[in-house]
Novice: 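Submitted below is the structure of interest, expressed as structure tokens.
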Amino acid sequence: MDSNSDILKSLAAILEERKGADPDTSYVAKLYHKGLDAILKKIGEEATETVMAAKDGDSKQVIYEVADLWFHTLVLLAHQGLSPDQVLAELERRFGVSGIDEKSSRGT
């Protein structure tokens with residue numbers, strides 16, 4: 001693959017395909033079939049595992065867990081009819097903007 005965004009696009013395409021797959025033969029189809037709460041639970045689990053790996057100072061495990069976290073977040077985006085490109089566009093919009101200024105522009 002040529003770039004990281006190509007990986008995201010390829011994963012997004014596969015995740016879309018899995019929406020029609022048999023839940024007995026596809027992990028992602030099974031998550032879709034179980035619904036939003038199951039997807040959110042997986043994201044929570046992966047976020048917790050990422051935190052624990054970071055606290056342990058295990059760089060290899062942090063990378064592994066962040067990959068799991070990102071993957072399950074991509075499943076969530078697909079489930080919601082959203083794409084990684086929309087997230088990348090939002091990050092691009094924020095690029096070069098102070099985090100403090102960006103947060104205050106949202107009123108939070």
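By convention here, the first residue in the shown sequence is residue 1.
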Novice: Among the clusters formed by ILVMFWY side chains lying less than 4.5 Å apart, do Ile14 and Leu8 turn up in the same one?
Specialist: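 Different clusters.
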
Novice: Are the side chain of Ser26 and the backbone of Asp22 linked by a donor-acceptor contact shorter than 3.5 Å?
Specialist: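 Pair absent, no side-chain N/O of Ser26 close to backbone of Asp22.
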
Novice: Could you tell me if the side chain of Leu69 sits less than 4.5 Å from the side chain of Glu65, heavy atoms only?
Specialist: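 The answer is no; the side chains never approach within 4.5 Å.
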
Novice: With the side chain counted from C-beta on, respond yes when Leu31 and Lys42 share a heavy-atom pair under 4.5 Å apart, and no when they do not.
Specialist: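 Yes, side chains in contact.
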
Novice: Does atom OH (Tyr27) have a neighbourhood of more than 12 heavy atoms from anything else shown, all under 6.0 Å?
Specialist: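 Result for OH/Tyr27: enclosed.
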
Novice: Do any N or O atoms from the side chain of Tyr32 and from the backbone of Leu15 form a donor-acceptor pair under 3.5 angstrom?
Specialist: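 Here the side-chain-to-backbone pair exists.
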
Novice: Decide whether Val87 and Ile39 are clustered together by the hydrophobic rule: side chain heavy atoms of Ile, Leu, Val, Met, Phe, Trp, Tyr closer than 4.5 Å, transitively.
Specialist: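 The answer is yes; both residues are in one hydrophobic cluster.
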
Novice: Verify the cluster assignment for Trp70 and Met52: are they in a single hydrophobic cluster under the rule of side-chain heavy atoms below 4.5 Å apart?
Specialist: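 Not linked; separate clusters.
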
Novice: Please check if the number of heavy atoms outside Gln86 that lie under 6.0 Å from its CD is greater than 12.
Specialist: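 Result for CD/Gln86: enclosed.
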
Novice: How close do Ala78 and Lys19 get, counting heavy atoms only, and between which atoms?
Specialist: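 Closest approach of Ala78 to Lys19, heavy atoms only: O-NZ, 2.6 Å.
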
Novice: To the nearest 0.5 Å, what is the distance between CG (Leu36) and CD1 (Ile43)?
Specialist: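 Those atoms lie 8.5 Å apart.
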
Novice: Does Lys9 reach the side chain of Asp85, with side-chain heavy atoms less than 4.5 Å apart?
Specialist: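 Answer yes - side chains close enough.
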
Novice: Flag the pair Asp37 / Lys41 as yes when at least one side-chain heavy-atom distance between them is below 4.5 Å, and no otherwise.
Specialist: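 No, side chains not in contact.
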
Novice: Do Ile63 and Leu74 sit in one hydrophobic cluster, given that two such residues count as connected whenever their side-chain heavy atoms are within less than 4.5 Å of each other, even indirectly?
Specialist: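 No: no chain of side-chain contacts under 4.5 Å links Ile63 to Leu74.
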
Novice: Indicate, with yes or no, if Ile7 and Val75 share a hydrophobic cluster defined by side-chain heavy-atom contacts under 4.5 Å among Ile, Leu, Val, Met, Phe, Trp and Tyr.
Specialist: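 Hydrophobic grouping puts Val75 with Ile7.
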
Novice: Please find the pair of heavy atoms, one from His72 and one from Asp68, that lie closest to each other, and give the distance.
Specialist: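 Between these two residues, the closest heavy atoms are ND1-O, 2.8 Å.
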
